[in-house]
2 protein chains.
Amino acid sequence: MSNERGPDHSRRKERSRQAILAATRALVAEEEYEKVTVEAIAARAGVGKQTIYRRWPSKSAVVFAALLALSEDADGRSVALPDTGDLEADLKLVMRATVEEFADPAFDRLIRALNTEIANDAALAAEYREKLAQPLEEAKKARLRSAQEAGQLDADADLDLVLEVLYAPLFQRWLHRSGPLTAAYADSLVDATLRAFGP
Amino acid sequence: MSNERGPDHSRRKERSRQAILAATRALVAEEEYEKVTVEAIAARAGVGKQTIYRRWPSKSAVVFAALLALSEDADGRSVALPDTGDLEADLKLVMRATVEEFADPAFDRLIRALNTEIANDAALAAEYREKLAQPLEEAKKARLRSAQEAGQLDADADLDLVLEVLYAPLFQRWLHRSGPLTAAYADSLVDATLRAFGP
DNA sequence: GAAAGGAAACGAGACGATCCGTATTGATGG
DNA sequence: CCATCAATACGGATCGTCTCGTTTCCTTTC
């Protein structure tokens with residue numbers, strides 16, 4: 001009666017796994033990131049340190065897994081951007097929502113922690129791209145392809161480039177705290193992108 | 001015979017200061033950033049740890065000062081972008097040069113370390129903006145203003161936004177290692193920016 | 001079926017290693 | 001002579017490993 005190959009040793013695994021990830025998310029969201037220690041995670045999760053290290057090889061991996069699980073929960077199924085047929089309106093809606101996300105201090109700390117771990121760990125960065133960034137980008141590109149077919153976007157445009165021009169300025173302004181993140185700013189990024197890649 | 005205000009106690013100060021900054025730059029350029037410790041810096045510089053802490057309040061500050069000094073040396077005077085009258089050609093020259101800079105592993109590690117320190121320290125980020133980013137941006141904006149006067153750029157364009165659309169995609173692609181940094185990519189960013197903000 | 005047995009996983013935390021930032025000490029040089 | 005220095009000991013914190021009884025659940029046995 002073996003499900004896959006190791007069903008017997010998944011005894012109390014899932015409960016503690018979830019507790020560890022939840023505790024990590026909570027700590028990252030509410031504390032300075034330097035305060036987020038493995039011991040604090042273990043204590044908050046009511047778990048021994050070894051239970052953490054039995055599953056993940058390092059603190060970085062735990063933090064990453066915690067944020068990864070967050071996105072998997074939130075999505076449920078695959079993400080999809082609104083498609084009302086009006087590209088400009090749809091993009092402004094999404095960009096304004098993104099701006100508001102970054103305004104949330106908890107979300108801010110979460111993503112900042114993620115970027116810290118990623119910036120100096122190429123392997124983690126690759127996993128981030130594969131499991132978090134790529135799916136989101138595919139959803140965005142699907143919306144852009146729809147716009148290309150509707151003649152609202154240059155049919156020859158490189159969609160990776162379009163997405164970078166649209167999102168990278170927002171991301172950089174947030175990361176470097178180099179300017180205010182407002183709805184007007186979100187709109188102006190959409191406007192600039194559509195001027196650059198419009199039909 | 002006091003030069004400025006503290007000349008008498010600047011006996012061996014400058015020599016060790018330079019040695020500390022040089023050692024820091026060398027270590028950051030050649031090692032994994034986790035290996036860059038204050039003790040390693042002190043040993044490489046032939047200096048006691050206390051001599052480091054006498055000058056800077058933290059390791060972050062030392063790393064930042066080391067990179068700051070680097071840019072001050074390189075510049076000599078204030079930076080200025082080429083201005084041949086051809087905005088597209090000038091920008092492509094600068095963007096291609098930037099792409100090449102990021103291709104250097106030592107430069108890569110340097111900037112990655114800087115971003116790591118900045119990402120979770122708002123005070124350091126502010127100093128980074130004031131002393132490193134702002135002067136560079138001013139030089140770039142000066143070139144863009146010249147283009148506006150020459151009618152090569154929309155006179156109403158927000159130059160901060162123009163710079164973000166131009167540079168942020170390159171920065172993000174480098175930071176997240178999400179794609180190749182080539183001369184063709186540099187060119188396409190200039191093309192997109194000029195389509196968005198051209199006359 | 002239910003009790004007994006055993007092994008894997010567990011919580012707790014001691015431990016060694018490393019690093020930060022401070023304090024001390026004896027040497028150096030102006 | 002005395003401020004500065006290199007060297008280094010030190011306390012505090014953290015990481016990741018290791019150990020130790022305990023808990024939980026699967027298997028075996030009756």
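Protein chains get the first letters and strands the later ones, always in sequence-line order, with residue 1 at the start of each. Just so we're clear, the structure is a prediction, and the values are computed from it rather than from any experiment.
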Going by the salt bridge (charged side-chain N to carboxylate O under 4.0 Å, His left out) test, which pairs reach into residues 93-108 of chain B, not counting sequence neighbours? B:Arg96-B:Asp187, B:Asp108-B:Arg112
Qualifying ring pair (Phe, Tyr, Trp, His ring centres under 6.0 Å) pairs, either residue in residues 95-146 of chain B, two or more places apart: A:His176-B:Tyr128, B:Phe102-B:Phe107, B:Phe102-B:Trp174
Taken to the nearest whole Å, CD/A:Glu32 to C1'/D:dT14 is 17 Å
Among residues at least two apart in sequence or on other chains, which ones pass side-chain contact (heavy atoms from CB on, under 4.5 Å) with B:Arg44? B:Ala23, B:Ala26, B:Leu27, B:Glu30
List the residues meeting ring-ring contact (aromatic ring centres under 6.0 Å, His included) with A:Tyr167, not counting sequence neighbours, and say none if there are none. none
When you check every protein heavy atom under 4.0 Å of nucleotides 11-24 of chain C, what one-letter string (B, S, -) results, 5' to 3'? BB------SBBBB-
Separation of D:dT4 atom P from B:Arg55 atom CZ, nearest Å, is 10 Å
In terms of side-chain geometry, is the basic nitrogen of B:Glu138 or B:Lys141 positioned less than 4.0 Å from the acidic oxygen of its partner? yes
Separation of D:dA7 P from B:Ile41 CD1 (nearest whole Å): 15 Å
From CD of A:Glu14 over to C1' of D:dC25, roughly how many Å is that when rounded to an integer? 17 Å
In whole angstrom, give the distance that lies between atom CZ of B:Arg44 and atom P of D:dA6. 17 Å
For residues 115-125 of chain A, which residue pairs qualify under salt bridge (charged side-chain N to carboxylate O under 4.0 Å, His left out), counting only residues two or more places apart or in two chains? none
